[in-house]
Amino acid sequence: MKIGIIGAGSLGSLFAHYFQEHLINFVIYEKNSDIVDNIRENGLIMIKGNSSKTIKTSISSSPDILSNADVLFLFVKSYSTSEALQDVISYCNKNVILVSLQNGLGNIDEIKKHFVNGKIVYGTTTIGATKSSLNSVVSGGSGIINIGGDENGNVLKIHHLLNSAGLNSYVVDRPDYFLWHKAVINAGINPIAAILGLPNGGILADKYATMLQEYIIKEAVNCAVANNIDMDFSEILRTTRDICEKTSINICSMLQDIRNGRKTEIDSINGKIIQYAECKGISTPYNMTVYLIIKSMETNQE
């Protein structure tokens, strides 16, 4: 079985190391030629604690490197989903399975424009990773992967593949619930941390920030329930604050993006919650406020 990784970002680079370590055949497609040239010249480095490991890998900025892949892992930011799929779709074999563990909502709708439902396996992961340079990734430690899909055989195939790579994969009946669950939690952490310039734990130390977090999550849960996602506000709020405490020194990805002058994933998190809420006639003033502030921060850094 040949694996294709789309995107040499944090998770793409981390998964490449797992695949290499467990002798799984893979290639990487990365559109950014500077990243490709750097990895070709210097190798792909994974930093874990006080140690590091460098691997040489097959990587290209041409999508034809994916032409013989049996499975594609889509590891691009949510706002790049449509563009990435348009770039690679003509190079994919007709039986390829597309796997998405992306953040945010709406990615699967984009994927379904290019792949039939039975060929899509999707879900979430709590595995953390951060790119520290063009060719290096810092592992955030272990985590779990929850995946599902319409075709059980393909889901099980990916499940076994992930476990054989030393990852903790679980098959779930409701992958959409897990997408919403993670999106709601991210909606209650990322924009607040990014706007205030706080590590995750800093939200809990500020009574006004915790109030804002509660209001954002309350709106998001109301939206989820209206869209047939069974979700309990008290449980999600507890979970969100527990994550803030356990990752108290972490700088969330949205704050990293703002600090580095990059586009954030606000559109696929709070933005999608606002969009889905509007379709159900639900008002989301707190989500809208942080959404507009983040969009303004993006605009003013250009």
Side-chain angles (χ1 to χ4, degrees), residues 3-22 24 26-32 34-36 38-39 42-57 59 72-81 84 99-104 107 122-147 158 161-163 165-170 178-179 182-183 185-186 189-190 193-194 199-201 243-244 246-260 262-265 268-269:
I3 310 303
I5 293 175
I6 303 173
S10 53
L11 280 183
S13 298
L14 187 68
F15 273 58
H17 269 269
Y18 277 101
F19 292 152
Q20 177 89 352
E21 181 180 351
H22 292 85
I24 295 171
F26 73 95
V27 296
I28 303 175
Y29 164 63
E30 168 55 55
K31 192 169 186 176
N32 187 321
D34 290 337
I35 294 176
V36 172
N38 201 305
I39 290 176
N42 303 306
L44 183 57
I45 304 167
M46 179 176 72
I47 302 165
K48 195 171 186 178
N50 296 320
S51 64
S52 66
K53 183 178 181 180
T54 303
I55 62 173
K56 292 291 185 179
T57 182
I59 185 170
L72 296 178
F73 281 85
L74 184 62
F75 284 129
V76 300
K77 293 279 193 176
S78 56
Y79 52 76
S80 295
T81 297
V99 184
S100 171
L101 301 174
Q102 296 166 283
N103 284 331
N107 295 301
Y122 65 101
T124 62
T125 180
T126 60
I127 299 171
T130 306
K131 284 296 286 284
S132 54
S133 71
L134 293 179
N135 72 314
S136 62
V137 60
V138 179
S139 172
S142 60
I144 64 172
I145 300 168
N146 291 304
I147 54 170
I158 302 305
L161 169 65
L162 291 169
N163 283 330
L167 297 157
N168 298 316
S169 170
Y170 299 89
F178 288 88
L179 291 183
K182 188 172 184 180
I185 290 170
N186 284 338
I189 297 176
N190 289 11
N200 292 353
I243 289 171
C244 285
K246 289 180 178 177
T247 63
S248 61
I249 64 172
N250 285 13
I251 303 299
C252 74
S253 59
M254 193 170 289
L255 178 52
Q256 291 181 48
D257 288 339
I258 290 293
R259 286 178 172 175
N260 288 286
R262 298 189 298 254
K263 185 176 181 180
T264 75
E265 292 188 289
S268 66
I269 303 173

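Computed from a predicted model, the values in this text were never measured in an experiment.
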Item checked: By ring pair (Phe, Tyr, Trp, His ring centres under 6.0 Å) - contacts of Tyr122 (at least two apart) -> none
Notebook entry, point to check: side chain to side chain contact (heavy atoms under 4.5 Å, CB included) with Ser133: which residues, sequence neighbours excluded?
Noted result: Asn135, Ser136
Note to self: Holding to salt bridge (charged side-chain N to carboxylate O under 4.0 Å, His left out), I want the full list of residues that pass it with Lys31, two or more places apart in sequence or in another chain.
What the structure shows: Glu83, Asp87
Next item on the list: To the nearest 0.5 angstrom, please state how far the CG atom of Asn163 sits from the OG atom of Ser169.
Entry: 5.0 Å
Note to self: Nearest 0.5 angstrom please: Asn103 CG to Lys77 NZ, how far?
What the structure shows: 7.5 Å
Check: Heavy atoms, side chains only, cut-off 4.5 Å: are Phe73 and Leu11 in contact?
Finding: no
Checklist line | Spacing of Ile6 atom CD1 and Phe75 atom CZ [to the nearest 0.5 Å] | finding: 10.0 Å
Notebook entry, point to check: With a 4.5 Å heavy-atom cut-off, do Ile3 and Leu161 have their side chains touching?
Noted result: yes
Notebook entry, point to check: So, for Ile39 and Ala8, which heavy atoms are closest and what is the spacing to 0.1 Å?
Noted result: CD1-CB, 4.2 Å
Show me, pair by pair, the donor-acceptor contacts under 3.5 angstrom made by side chains of residues 45-56, not counting sequence neighbours?
residue: Ser51; atom: OG; partner: Lys48; partner atom: O; Å: 3.0
residue: Lys56; atom: NZ; partner: Arg40; partner atom: O; Å: 3.4
residue: Lys56; atom: NZ; partner: Glu41; partner atom: O; Å: 3.3

Item checked: From CD1 (Ile59) to CD (Glu30), nearest 0.5 Å -> 6.0 Å
Next item on the list: Using ring pair (Phe, Tyr, Trp, His ring centres under 6.0 Å) as the criterion, list what pairs up with Tyr29, not counting sequence neighbours.
Entry: none
Note to self: Using side-chain hydrogen bond (donor to acceptor under 3.5 Å, both in side chains), reason through Ser253 and Glu265 one step at a time and then give a plain yes or no.
What the structure shows: CA-CA 9 Å; Ser253 59; Glu265 292 188 289; 4.9 Å; no
Check: Just how far is it from atom CD1 of Ile127 to atom CD1 of Ile145, taken to the nearest 0.5 Å?
Finding: 4.0 Å
Checklist line | Any residue meeting side chain to side chain contact (heavy atoms under 4.5 Å, CB included) with Ala16, in chain and number order, not counting sequence neighbours | finding: Ile5, Phe26, Ile28, Leu44
Next item on the list: Write down the atom of Val137, the atom of Ser10, and the distance for their closest heavy-atom approach.
Entry: CG2-O, 3.5 Å
Checklist line | Counterpart residues, side-chain hydrogen bond (donor to acceptor under 3.5 Å, both in side chains), relative to Asn38 (two or more places apart) | finding: Asn42
Notebook entry, point to check: Which residues satisfy the side chain to side chain contact (heavy atoms under 4.5 Å, CB included) test with Thr130, sequence neighbours excluded?
Noted result: Gln256
Check: Which heavy atom of Ala165 sits nearest a heavy atom of Ile24, and at what distance?
Finding: CB-CD1, 3.6 Å
Notebook entry, point to check: Arg262: what forms a salt bridge (charged side-chain N to carboxylate O under 4.0 Å, His left out) with it, not counting sequence neighbours?
Noted result: Asp257
Notebook entry, point to check: Who are the side-chain hydrogen bond (donor to acceptor under 3.5 Å, both in side chains) partners of Thr247, not counting sequence neighbours?
Noted result: Asn200
Checklist line | Shortest non-hydrogen separation from Asp34 to Leu134 and the atoms involved | finding: O-CD1, 4.1 Å
Margin query: The criterion is side-chain hydrogen bond (donor to acceptor under 3.5 Å, both in side chains); which residues satisfy it with Asn186, sequence neighbours excluded?
Written below: none
Notebook entry, point to check: Any side-chain heavy atom of Phe15 within less than 4.5 Å of one from Leu162?
Noted result: yes
Next item on the list: Please identify each residue that fulfils side-chain hydrogen bond (donor to acceptor under 3.5 Å, both in side chains) with Ser268, with sequence neighbours left out.
Entry: Ser78
Check: Do the non-hydrogen side-chain atoms of Leu179 and Thr124 ever get within less than 4.5 Å of each other?
Finding: yes
Check: To the nearest 0.5 Å, how far apart are OG1 in Thr126 and CD1 in Ile185?
Finding: 10.5 Å
